[in-house]
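What follows is a short report on a single structure.
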Amino acid sequence: LLRHNATTMWESWWRSEDLYSRNHPMLGAFAEWMSSSVAGVSVHPTTVGGRQVLFWPQFPKSAKTLEYASAIQGTPQGDFAVAWRFEDLPEDKNEYDSALVMVRIRLLVPPGGEGFMRPPFHTEEKFTIKHALSIPDLLGAKSAADGECSNRREARMGFPYSWEYDRINSRWYRLRSSKSIGTPCLSFLFHTTLNDITWSSSRDITQTFAEGTDERVAPGLYEVIISNWQLEKEVESPEGRTGNLFEYVKKNGSPNCNDESSFEWDINDATHII
């Protein structure tokens, strides 16, 4: 859509001058998925008035797919924010689907709000959490980060390709383009002006997640570290499409999938539907 200069959601991913509507948001669910699952922040399904938020990032298996993500969830209480990134990545990008790396996550909970941190699927990695002893100048960091991102957009530092589907060979492929589509920018939570934050001592929450319990986070700024995160090659379906959900769950399992063959999800997964 972006490659064709779309500023609205179309009825179809494919371009047509007369067949499809140009204002038809039935395919817009991916926008909610990007913030709630890719970045990992959504209004908690049991909350009232948006006071509680669920932090539940679903990292890609390979850093070739994505190296970082972030999102802001506005509520009457204020803005909740999350940002994560893979760190200690190897110089050789051919190892982006096999390296052992660290994941750094930052969470922001506004005054009067409450957050719940949930790990991505079942995992055996070590998790630690710490909080900022005093709140830094977040508004200044956001202003600086927004300015740098605007400069990147003006310099057209986007993606020089889009994903297209080859119907003859039944495969997805990257179509090179002279246009710069989108502009990746790091979150203000990772801006260099926040490098001097004074943190509390780290607390190990590995057992909490191993028991399937969410970690409650009160108002403040937090940093979660996941040690020894193993990158893997993304799962491909028989048609060659990366990230096929059924193949992924079939291989890795899910804490909220009772029956992989019929995909009968329990109520805890409703956050991905709301």
Side-chain angles (χ1 to χ4, degrees), residues 35-47 51-61 63 66-73 75 77-89 99-136 138 187 189-190 194-195 197-232 252-257 266-272:
S35 60
S36 67
S37 296
V38 178
V41 60
S42 60
V43 174
H44 200 285
T46 64
T47 191
R51 192 177 72 85
Q52 296 175 323
V53 154
L54 178 63
F55 295 110
W56 192 12
Q58 305 292 324
F59 311 124
K61 297 173 69 64
L66 197 65
E67 296 179 35
Y68 57 86
S70 62
I72 297 174
Q73 174 66 60
T75 74
Q77 306 297 324
D79 288 345
F80 291 76
V82 63
W84 64 262
R85 66 186 181 191
F86 291 131
E87 297 189 354
D88 300 331
L89 286 166
L100 199 63
V101 299
M102 182 178 78
V103 186
R104 187 182 304 272
I105 311 168
R106 287 189 176 174
L107 316 172
L108 177 64
V109 180
E114 185 178 28
F116 293 88
M117 173 67 187
R118 183 175 298 175
F121 295 109
H122 287 309
T123 179
E124 297 180 355
E125 285 77 17
K126 179 179 180 180
F127 291 78
T128 61
I129 188 171
K130 59 186 178 182
H131 65 271
L133 296 179
S134 60
I135 299 299
L138 295 174
S187 167
L189 294 178
F190 285 133
L194 302 181
N195 287 348
I197 295 176
T198 302
W199 298 98
S200 67
S201 57
S202 296
R203 179 167 56 88
D204 193 321
I205 55 174
T206 306
Q207 186 59 35
T208 299
F209 287 158
E211 295 172 353
T213 304
D214 296 340
E215 175 70 18
R216 178 184 174 277
V217 284
L221 177 64
Y222 296 81
E223 183 168 272
V224 177
I225 299 294
I226 308 177
S227 304
N228 299 324
W229 183 269
Q230 180 66 61
L231 297 176
E232 304 175 30
N252 295 274
S254 168
N256 300 315
C257 183
D266 72 18
I267 190 62
N268 290 325
D269 199 59
T271 181
H272 290 281

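Computed from a predicted structure; not experimentally measured. Residues take their numbers from the sequence shown, with the count starting at 1.
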TODO: Go through the steps to decide whether Phe59 and Ile226 satisfy the test side chain to side chain contact (heavy atoms under 4.5 Å, CB included), and finish with yes or no.
DONE: CA-CA 12 Å; Phe59 311 124; Ile226 308 177; 3.6 Å; yes
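- Here Asp214 pairs with Arg118 under the salt bridge (Lys or Arg N to Asp or Glu O under 4.0 Å) rule; sequence neighbours left out.
- Taking 4.5 Å as the limit, every side-chain heavy atom of Trp56 sits out of range of all side-chain heavy atoms of Ser37.
- Separating the CD atom in Glu114 from the CZ atom in Phe80 is a distance of 8.5 Å, to the nearest 0.5 Å.
- Thr206 is linked by a side chain to side chain donor-acceptor pair (under 3.5 Å) to Asp204, counting only residues two or more places apart in sequence or in another chain.
- Screening Ile225, Ile129, Val82 against Ile105 for a side chain to side chain contact (heavy atoms under 4.5 Å, CB included) leaves a single residue, Val82.
- By the side-chain contact (heavy atoms from CB on, under 4.5 Å) test, Leu133 is found to be paired with His131, Thr198, Ser200, residues two or more places apart in sequence or in another chain being considered.
- Looking at heavy atoms from C-beta onward, Val224 lies out of side-chain contact with Phe55 at the 4.5 angstrom threshold.
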Open item on the list: Could you walk me through whether Leu194 and Arg106 satisfy the side chain to side chain contact (heavy atoms under 4.5 Å, CB included) test, starting with their C-alpha distance in whole Å, then the side-chain angles of each, then the deciding distance to 0.1 Å, before giving a yes or no?
Closed with: CA-CA 11 Å; Leu194 302 181; Arg106 287 189 176 174; 4.2 Å; yes
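- Shown here are the side chain to side chain donor-acceptor pair (under 3.5 Å) partners of Asn195, two or more places apart in sequence or in another chain: there are none.
- Here CG of Leu189 is found 7.5 Å from CD1 of Ile72. Values are rounded to the nearest 0.5 Å.
- For Thr47, the side-chain contact (heavy atoms from CB on, under 4.5 Å) partners two or more places apart in sequence, or in a different chain, are Val43, His44, Arg51, Gln52.
- For the salt bridge (Lys or Arg N to Asp or Glu O under 4.0 Å) test, residues two or more places apart in sequence or in another chain that qualify with Lys130 are Glu223.
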Task: Pair Trp229-Leu100, side chain to side chain contact (heavy atoms under 4.5 Å, CB included): steps then yes or no - done: CA-CA 6 Å; Trp229 183 269; Leu100 199 63; 6.0 Å; no
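- Take Ile135 and apply the side-chain contact (heavy atoms from CB on, under 4.5 Å) test, not counting sequence neighbours, and it matches Leu138, Leu221.
- Using a 4.5 Å cut-off on side-chain heavy atoms (C-beta onward), Val101 and Leu231 make contact.
- Applying the side-chain contact (heavy atoms from CB on, under 4.5 Å) criterion to Leu66, with sequence neighbours excluded, gives Val38, Pro60, Ala69, Trp84.
- Taking Gln230 as the reference, nothing meets the side chain to side chain donor-acceptor pair (under 3.5 Å) condition, with sequence neighbours excluded.
- Here Tyr222 contributes atom OH and Trp199 contributes atom CH2; the two are 10.5 Å apart, rounded to the nearest 0.5 Å.
- Here the OG1-CZ distance, from Thr208 to Arg216, works out to 13.5 Å after rounding to the nearest 0.5 Å.
- With sequence neighbours excluded, the residues satisfying side chain to side chain donor-acceptor pair (under 3.5 Å) with Glu215 are Arg203.
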